[in-house]
Amino acid sequence: MSSTTLHMNTVAGVEVSGDHWIGGRRVASPERFDDVSPIDEQVIASISRGGPAEAAAAVAAAKAAFPAWAATPPAERARLLHRIADLVEERLEQLAIVETTDNGALLRSHLRGVMPRVAHNFRFFADYLVNDLHHPEFETRGHRNHVSWDPSGVAVLITPWNAPLMLATWKIAPALASGCTVVLKPAEWTPLTASLLADITADAGLPAGVFNVVQGYGEEVGDALTGDPDVSRISFTGSVPTARLIARSAAANLTPCSFELGGKSPMIVFADADMDSAVANAVEQYDNAGQVCLAGVRLLVQDSIRDEFLARFVERASSLRQGDPRDLTTDIGPNVSREHVDRIDGFVQRAIADGARAVIGGGPDVDLGGLFYRPTLFVDAQPGSEILTEEVFGPVLTLQTFSTEEEAVAMANGTEFGLAGVLFTGDPDRAERVGAQLVAGTLWVNCFFVRDLRAPFGGSRHSGVGREGGTWSFDFYCDVKNTCTNQDRWTTGR
Ligand code: NAD
């Protein structure tokens, strides 16, 4: 299809524009692509397929809007962000059903957790800007030092499909609060809620060009966005290979990048742990059909409790209900696309060929068909094998045993990643001792997924570059400036 007319889609009863949002208006591309729902693999929307021209136009619009937005007083920026949050809350059910239809994640989660969190992202960074961002001042031999947070310019934000609006707003909110203008490139598999957010920002009164959305395939639009000399920051959440491409492109202008990347996180369970809680949390690692970067997918269980843990895990995991994510009683929905399911199945079949044994799962759900993959747990995987070291990003866990703390730490740290760690033990001294040795941006002890936006978030090793959250976000999106003033040289008597 080749046309530059605007296109409106109706998705789950909600009107969603299929076009870019550039400089405060909708812009169509000559080429379009189909957006497919993972629930039934039906085409649900037609989306403008952006390229370098649209990328350049969005960056230009953001650049033009920057001076006025940067000069907008923080209290006014915060007011507008709160207004966006109000509208997210007003349209919460629409956002939730559109996101579920687009990426297949549970409607229950979107209604109760994810979309309220989207609104919270805006409120948190609005309030942080006004109340919590410190501007340190100190004296040096009669000179006054004053630290300020100057907006850096145009922030390009590139985001994945597994939690589209949640992960995008985690970047958009602090970037806008910082006084940056934004160009968002959502994943091509999940373009819809970014488009709805563009409507929300307009209805909230955000000036034209402050927030822009370019739709399209990463490889077609990415370089033009990340290599544009008018871009001051790039924040990317996605895979390691894409991060390498972005880093290369950004290097031309030395544009600072923040990368939140993949993981292969361990969940370590010591024999002294609360077994009920450990088992419940282990089964939770199947959340979002395993498409969670932070998931503790490698279960490392102390050998003395292995049999009991495994039996209880299997019993609990077997009771999970897999099915239509719009049904509020469903626990596991489909995976995001045919291509991704094939990728997951490739990992699983190679693991089996490599000698690993699937205690549960081990293939697609033949009863449900489509993109439903059975929750899988492997034991007896070969040390060093692919299933123990590479990110599957599907409902696939492995279980290994250890006997000593040293062994647990060595196994836990034995991948190229360092995103998260999950540790279950009843002994606080052990938690401290072991925790100190784990390579991870986030470590959860006797819990999982508790998240406070004041905390730093990011990954070590190949799981990321930099940290975002609280002050760390402002640190990234701003040019932090120190002004050192000689207090004895005023001539106007101030
Ligand atoms: P991906 O890297 O394929 O795509 C992510 C985004 O990058 C998409 O918007 C895509 O269009 C874009 N892109 C692709 N090629 C590009 C290029 N050459 N230039 C610029 N942009 C380009 O990743 P994905 O499959 O969408 O997401 C899954 C990955 O994201 C997993 O590795 C997962 O662990 C990771 N992830 C990390 C976090 C975190 O916070 N650390 C959170 C969620 C997902």
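Atoms within each ligand, like the ligands themselves, are counted from 1 in listed order. Just so you know, residue 1 is the first one in the sequence shown, and it goes up from there.
Close contacts of ligand 1 with F457, meaning ligand atoms under 4.0 Å from a residue heavy atom, involve 40 (O). Listed by number with element, the atoms of ligand 1 under 4.0 angstrom from any heavy atom of L245 are 18 (N). Close approach of ligand 1 to N162 is summarised as follows: ligand atoms under 4.0 Å from at least one heavy atom of the residue are 43 (C), 44 (C). Applying the 4.0 Å criterion to heavy atoms of G262 picks out, from ligand 1, the atoms 32 (O), 34 (O). Heavy-atom contacts of E260 reach the following atoms of ligand 1: 37 (C), 38 (C), 39 (C), 40 (O), 41 (N) (cutoff under 4.0 Å). Taking a cut-off of under 4.0 Å to the non-hydrogen atoms of K185, the atoms of ligand 1 that pass are 9 (O), 10 (C), 11 (O). The G222 neighbourhood of ligand 1 comprises atoms 19 (N), 20 (C), with distances under 4.0 Å to a heavy atom of that residue. Those atoms of ligand 1 with a heavy atom of L167 less than 4.0 angstrom away are 42 (C), 43 (C).
A donor-acceptor contact closer than 3.5 angstrom links the side chains of S48 and D19. Donor-acceptor pairing under 3.5 Å is lacking for the side chains of R244 and S239. For the 3.5 Å distance criterion, the side chains of K171 and S258 fail to qualify, holding no donor opposite an acceptor. No donor-acceptor contact under 3.5 angstrom links the side chains of R326 and T100, judged on distance only. No side-chain donor-acceptor contact under 3.5 Å links Q322 and Y373.
Looking only at heavy atoms of the protein, atom 32 (O) of ligand 1 is closest to E391 OE1, 2.6 Å. The protein heavy atom nearest to atom 25 (O) of ligand 1 is W161 NE1, 3.0 Å. The nearest heavy-atom contact from the protein to atom 41 (N) of ligand 1 is L261 O, 2.7 Å. Among all protein heavy atoms, the one lying closest to atom 15 (N) of ligand 1 is T242 CG2, 3.5 Å. For atom 42 (C) of ligand 1, the nearest protein heavy atom (residue, atom name, distance) is C293 SG, 2.9 Å. Of all protein heavy atoms, the one closest to atom 29 (C) of ligand 1 is G238 C, 3.5 Å. For atom 23 (O) of ligand 1, the nearest protein heavy atom (residue, atom name, distance) is S239 N, 3.4 Å. Among all protein heavy atoms, the one lying closest to atom 8 (C) of ligand 1 is T159 O, 3.4 Å.
Taking CG from D127 and CG from L133, the interatomic distance works out to 12.5 Å, rounded to the nearest 0.5 Å. Remark: F393 CZ to K264 NZ distance equals 11.5 Å, nearest 0.5 Å. Between the NE2 atom in H110 and the CE atom in M166 there is a gap of 10.5 Å [rounded to 0.5 Å].
For an aromatic pair to be called close, the ring centres must be under 6.0 Å apart, and F211 with W69 fails this.
A 4.5 Å side-chain heavy-atom check between F236 and C257 finds every atom pair outside the cut-off. Between H462 and E391 there is no side-chain heavy-atom pair separated by less than 4.5 Å. V409 has its side chain out of reach of F402: every pair of non-hydrogen atoms, C-beta onward, lies at least 4.5 Å apart.
Salt-bridge formation is not detected for the pair D223/R248: no Lys NZ or Arg NE/NH1/NH2 atom is positioned less than 4.0 Å from an Asp or Glu carboxylate oxygen.
For the side-chain contact (heavy atoms from CB on, under 4.5 Å) with Y477, the qualifying choice from S232, P151, S235 is S235, the only one to do so.
Contacts between L419 and ligand 1, counted as non-hydrogen atom pairs separated by less than 4.0 Å, involve the side chain only. Contacts between L294 and ligand 1, counted as non-hydrogen atom pairs separated by less than 4.0 Å, are absent for every part of the residue. Contacts of L225 with ligand 1, taken as heavy-atom pairs under 4.0 Å, are absent altogether.
Residue-to-ligand polar distances keep T226 apart from ligand 1: every N/O pair is separated by 3.5 Å or more. Looking at ligand 1, you won't find any N or O of V240 less than 3.5 Å from one of its N or O atoms. Considering backbone and side-chain atoms alike, Y217 places every N or O at 3.5 Å or more from each N or O of ligand 1. Considering both main-chain and side-chain atoms, T237 never comes within under 3.5 Å of ligand 1 through any nitrogen or oxygen pair.
The closest approach between a heavy atom of P186 and any atom of ligand 1 is below 4.0 Å.
The aromatic rings of Y217 and F33 lie tilted to each other, with the angle between the two planes from 30° to 60°.
Considering each of I158, V292, T190, V336, the one bringing a non-hydrogen atom nearest atom 12 (C) of ligand 1 is I158.
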